[in-house]
Amino acid sequence: MTKDAYQTIARTPTVSEYLHLRSRAGLSAFSEAAATKGLAGTIFAVVVEQGGTAIGMGRLVGDGGCFFQVVDIAVDPAHQGRGLGKAIMAALTVFMADKLPPSAYVSLIADVPAQELYKQFGFQETAPRSLGMARRAG
């Protein structure tokens with residue numbers, strides 16, 4: 001294996017990795033305290049590393065039985081376009097198929113045009129039957 005090889009590892013990112021990757025990928029910012037609490041609620045996560053450095057991640061959160069959400073799919077822009085988002089989604093999909101109850105409802109909020117990636121893993125747009133809605137707590 002060369003130092004340039006990517007590894008997809010089943011683990012939750014550290015708080016610093018999480019905050020860094022969200023920033024690099026252009027995702028909204030969270031405080032360190034919020035990230036610490038949020039990461040503790042991870043059901044399953046993967047981190048893509050190159051040379052021991054986290055350059056991508058994805059998480060599954062939820063209630064453990066009925067409802068789950070795919071969140072934090074992020075790849076450092078310097079490494080995008082190399083199939084790493086697909087590798088992250090593939091790892092999450094294997095976990096979902098192997099470990100979640102068949103009746104589990106798994107959702108996500110897709111930033112356009114990322115919905116095309118998620119469609120490759122069986123996710124379908126829910127409109128017009130239902131619409132995703134969101135708000136900030138504060």
Engineer: Can you sort out the partners of Phe123 under ring pair (Phe, Tyr, Trp, His ring centres under 6.0 Å), two or more places apart, ordered by chain and number?
Structural biologist: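 Listed in chain order: nothing, the list is empty.
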
Engineer: Examine distances only and state if a side-chain atom of Gln69 and a backbone atom of Gly62 form a donor-acceptor pair shorter than 3.5 Å.
Structural biologist: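 The answer is no, because no donor-acceptor pair under 3.5 Å joins these two groups.
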
Engineer: Side-chain heavy atoms under 4.5 angstrom apart, residues restricted to Ile, Leu, Val, Met, Phe, Trp, Tyr: same cluster for Val71 and Tyr118?
Structural biologist: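 No; tracing contacts between hydrophobic side chains, which count when under 4.5 Å, never links both residues.
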
Engineer: Indicate if Val61 and Phe68 have the same hydrophobic cluster label, given that clusters are the connected sets of ILVMFWY residues with side-chain heavy-atom separations under 4.5 angstrom.
Structural biologist: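 Shared cluster, no.
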
Engineer: Using a strict 4.0 Å threshold on nitrogen-to-oxygen distance, state whether Arg24 and Glu17 make a salt bridge.
Structural biologist: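 Judged by the 4.0 Å cut-off on N to carboxylate O distance, Arg24 and Glu17 do not form a salt bridge.
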
Engineer: Any side-chain heavy-atom pair from Val15 and Leu39 closer than 4.5 angstrom?
Structural biologist: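 Val15 reaches Leu39 side chain to side chain.
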
Engineer: At their closest point, which heavy atom of Asp63 faces which heavy atom of Gly65, and how far apart are they?
Structural biologist: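 Heavy atoms only, the tightest pair is OD1-N, 2.9 Å.
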
Engineer: Using the rule that two of Ile, Leu, Val, Met, Phe, Trp, Tyr join whenever any of their side-chain heavy atoms come within less than 4.5 Å, decide whether Val46 and Tyr18 are in one cluster.
Structural biologist: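 Looking at the clustering, Tyr18 is in a separate group from Val46.
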
Engineer: Got a donor-acceptor contact below 3.5 angstrom from the Asp111 side chain to the Ala114 backbone?
Structural biologist: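 Pair absent, no side-chain N/O of Asp111 close to backbone of Ala114.
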
Engineer: Using atom types as modelled and distance alone, determine if a side-chain donor or acceptor of Arg22 lies under 3.5 Å from a backbone N or O of Ser28.
Structural biologist: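 At least one qualifying donor-acceptor pair exists.
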
Engineer: Counting only heavy atoms from other residues, nucleotides and ligands, does the tally under 6.0 Å from CD of Gln120 exceed 12?
Structural biologist: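 Check passes, neighbour count above 12.
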
Engineer: Can Arg11 and Glu49 be counted as an ion pair, charged N to O under 4.0 angstrom?
Structural biologist: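 Yes.
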
Engineer: Taking the side chain as every heavy atom from C-beta outward, state whether Leu84 and Ile55 have any atom pair closer than 4.5 Å.
Structural biologist: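 A side-chain contact exists here, since the closest heavy-atom pair is under 4.5 Å.
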
Engineer: With heavy-atom distances below 4.5 Å as the criterion, would you say the side chains of Val48 and Ile88 are in contact?
Structural biologist: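 Yes; the side chains approach each other to less than 4.5 Å.
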
Engineer: Rounded to the nearest 0.5 Å, how far does CG of Leu92 lie from CD1 of Ile43?
Structural biologist: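 With rounding to 0.5 Å, CD1 (Ile43) is 12.0 Å from CG (Leu92).
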
Engineer: On a heavy-atom basis, which atom in Gln115 and which in Val112 lie closest, and how many Å separate them?
Structural biologist: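 Minimum heavy-atom contact is OE1-CA, 3.4 Å.
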
Engineer: Looking only at non-hydrogen atoms, find the nearest pair between Phe44 and Ala91 and report the distance.
Structural biologist: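 Heavy atoms only, the tightest pair is CE2-O, 3.8 Å.
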
Engineer: May I have the step-by-step check of side-chain contact (heavy atoms from CB on, under 4.5 Å) for Leu60 and Leu100, ending in yes or no?
Structural biologist: CA-CA 11 Å; Leu60 186 66; Leu100 299 187; 4.0 Å; yes

Engineer: State whether a side-chain donor-acceptor pair under 3.5 Å links Thr12 with Arg59.
Structural biologist: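 Checked: Thr12/Arg59 side chains show no N/O donor-acceptor pair below 3.5 Å.
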
Engineer: Taking all non-hydrogen atoms of both residues, which atom of Thr8 and which atom of Ala87 are closest, and how far apart?
Structural biologist: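 It is OG1-CB, 3.9 Å.
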
Engineer: If I compare all heavy atoms of Ala74 with all of Leu21, which pair ends up nearest, and what's the gap?
Structural biologist: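 Distance-wise, the nearest heavy atoms are CB-O, 4.1 Å.
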
Engineer: Check Phe30 against Ala34 and note the closest heavy-atom contact, atom names and distance.
Structural biologist: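 The pair with the smallest heavy-atom distance is CB-CB, 4.4 Å.
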
Engineer: Mind jotting down which residue pairs meet the salt bridge (charged side-chain N to carboxylate O under 4.0 Å, His left out) criterion with at least one end in residues 115-124? Sequence neighbours excluded, please.
Structural biologist: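 Counting only pairs at least two positions apart or across chains, the salt bridge (charged side-chain N to carboxylate O under 4.0 Å, His left out) contacts touching residues 115-124 are Glu116-Lys119, Lys119-Glu125.
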
Engineer: Indicate, with yes or no, if Leu117 and Met57 share a hydrophobic cluster defined by side-chain heavy-atom contacts under 4.5 Å among Ile, Leu, Val, Met, Phe, Trp and Tyr.
Structural biologist: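 Different hydrophobic clusters.
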
Engineer: Would you please test Val70 and Met96 for side-chain contact (heavy atoms from CB on, under 4.5 Å) and show each step?
Structural biologist: CA-CA 10 Å; Val70 173; Met96 288 184 263; 4.3 Å; yes

Engineer: Please work out which of the three classes, parallel, tilted or perpendicular, describes the rings of His79 and Tyr6, given edges at 30° and 60°.
Structural biologist: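 Judged by the thresholds at 30° and 60°, the geometry between Tyr6 and His79 is perpendicular.
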
Engineer: Looking at Met89, is its backbone amide N or carbonyl O close enough to the side chain of Thr93 to form a donor-acceptor pair, meaning the two atoms are under 3.5 Å apart?
Structural biologist: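 Checked: pair present.
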
